[in-house]
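Below is one structure, written out as structure tokens, with a few remarks after it.
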Amino acid sequence: MKKNDSENQIQYMPIGMCLGLSIGMAVGAAMDNISVGMCMGLGIGLCFGSAIDNANRAKNQKQEDPDEKED
């Protein structure tokens, strides 16, 4: 019997948020408006993290489907 490994998978949304926030702060500091840079970086990080999570979830579902049909 297979155990669902969804709890052990890496979550990329928080990673994207942290990276986006830090890059946004750097860009904001260069523009002399850190708050705008933080907001833009956080939004972009959320988008990229969510997209990577969904891509990995779809890839894992495609890999699991043939195994279930054979049983």
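From a predicted model like this one, the values you see are computed outputs, not experimental measurements.
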Considering only distance and modelled atom types, tabulate donor-acceptor pairs under 3.5 Å from the side chains of residues 50-58, sequence neighbours left out.
from	atom 1	to	atom 2	distance (Å)
D53	OD1	Y12	N	2.8
D53	OD2	M13	N	3.2
N54	OD1	R57	NH1	3.0
N54	ND2	S50	O	3.4

Linked hydrophobic residues, I44 as query - side chain contacts closer than 4.5 Å = F48
Show me, pair by pair, the donor-acceptor contacts under 3.5 angstrom made by side chains of residues 14-36, not counting sequence neighbours?
from	atom 1	to	atom 2	distance (Å)
S22	OG	C18	O	3.2
S22	OG	L19	O	2.9
N33	OD1	S35	OG	3.2

